[in-house]
Amino acid sequence: TFVGRLSTAKGIPFLLEAVRTIGVPYRLVLAGASGSGEDGARMDRLVAAAGPHVVHTGPLPQTDIAALLRTSHAFVLPSLFEGLPLTMLEALASGCPVIVSALPTIASWIPAEWWKDNAVTLVRPLITTNADEPVASDIPRFTHDLAAALRVALARPVDPEARIALAKQLAPHSWSAVFERYERVYARYA
């Protein structure tokens with residue numbers, strides 16, 4: 001499952017190529033709006049040409065996104081650049097393992113135990129110029145690495161207890177827990 005804007009910067013062309021080559025049964029769900037301009041139109045053409053194993057839902061309500069993530073084998077975010085992606089945190093909080101580009105802003109934040117528990121798989125990012133322009137010579141390596149991570153994730157279904165344990169690890173970072181901390185700080189100084 002991918003959640004976000006369908007664009008080159010979010011890695012959609014490389015994700016579509018990777019799933020095309022994984023060699024195992026899959027269904028890729030792309031939840032979110034298409035990007036804008038020519039890049040958005042290009043993403044629409046790529047998704048339409050990807051075949052019946054790729055489903056583009058368009059934007060979905062948060063409750064539907066949460067239900068989708070709770071039942072997905074993995075959340076994948078092959079971004080070319082990123083801050084700290086909230087969709088990654090939402091996937092983890094739903095008990096869904098994630099496959100993400102090992103961008104410094106992501107890799108530096110993820111605790112080592114999440115790697116060891118297979119909650120997070122980091123894929124060496126695609127080499128870019130100007131932050132989001134792919135270096136063509138690195139695209140085959142990136143799609144190969146992404147396909148390898150997807151194969152591993154699909155071969156390792158997450159059992160319900162592991163999903164619950166993963167979601168519990170993220171509970172302190174939920175919106176309600178963060179809001180409660182803000183309220184305590186505000187009450188202390190108000």
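Keep in mind that this is a model prediction, so the values were computed, not measured.
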Can you name the nearest heavy-atom pair linking [X] to [Y], along with the distance?
X    : Y    : answer
S7   : P13  : O-CD, 4.0 Å
S108 : P104 : OG-O, 2.7 Å
R141 : L126 : NH2-CA, 3.8 Å
S101 : P78  : OG-C, 3.2 Å
T121 : A149 : CG2-CB, 3.9 Å
T87  : V3   : CG2-O, 3.6 Å

Side-chain contact test, heavy atoms from C-beta onward, threshold under 4.5 Å: evaluate it for [X] versus [Y] and give yes or no.
X    : Y    : value
V100 : V120 : yes
T57  : V29  : yes
F81  : T128 : no
M43  : R5   : no

**Message:** side chain to side chain contact (heavy atoms under 4.5 Å, CB included), that's the test. Do L77 and V98 meet it? Break it down for me.
**Reply:** CA-CA 8 Å; L77 184 63; V98 302; over 6 Å; no
Should [X] and [Y] be counted in the same cluster of Ile, Leu, Val, Met, Phe, Trp and Tyr side chains packed under 4.5 Å apart?
X    : Y    : result
V47  : I22  : yes
I127 : L103 : no
L86  : I99  : yes
V76  : L154 : yes
V123 : L84  : yes

Side-chain donor/acceptor of [X] to backbone N/O of [Y], under 3.5 Å:
X    : Y   : answer
T1   : F75 : no
T105 : E82 : yes
R27  : P52 : yes
D39  : T8  : yes

Look up atom [atom1] in [X] and atom [atom2] in [Y], then write down how far apart they are to the nearest 0.5 Å.
X    : Y    : atom1 : atom2 : answer
D145 : T143 : CG    : OG1   : 8.0 Å
E17  : L46  : CD    : CG    : 10.0 Å
R184 : R188 : CZ    : CZ    : 8.0 Å
L6   : S36  : CG    : OG    : 12.0 Å
L146 : L16  : CG    : CG    : 10.0 Å
C96  : R70  : SG    : CZ    : 11.0 Å

**Asked** Can you list the steps and then say if K10 with F2 is a side chain to side chain contact (heavy atoms under 4.5 Å, CB included)?
**Response** CA-CA 10 Å; K10 292 293 183 181; F2 167 89; 3.8 Å; yes
**Message:** One pair to check against salt bridge (Lys or Arg N to Asp or Glu O under 4.0 Å): E38 and R45. What are the steps and the verdict?
**Reply:** CA-CA 11 Å; E38 178 50 37; R45 289 190 302 270; 2.8 Å; yes
**Message:** Working note: L69 + L92, criterion side chain to side chain contact (heavy atoms under 4.5 Å, CB included); need CA distance, chi angles, decisive distance, verdict.
**Reply:** CA-CA 9 Å; L69 291 170; L92 290 165; over 6 Å; no
**Message:** According to ring-ring contact (aromatic ring centres under 6.0 Å, His included), does anything in residues 27-69 pair up with another residue at least two apart or in another chain? List the pairs.
**Reply:** Y26-H53
**Message:** What I want to find out is whether R163 reaches D159 closely enough, with some N-O distance under 4.0 Å, to be called a salt bridge.
**Reply:** no
**Step-by-step side chain to side chain contact (heavy atoms under 4.5 Å, CB included) determination, W109 to M88** = CA-CA 12 Å; W109 184 86; M88 178 188 79; 4.2 Å; yes
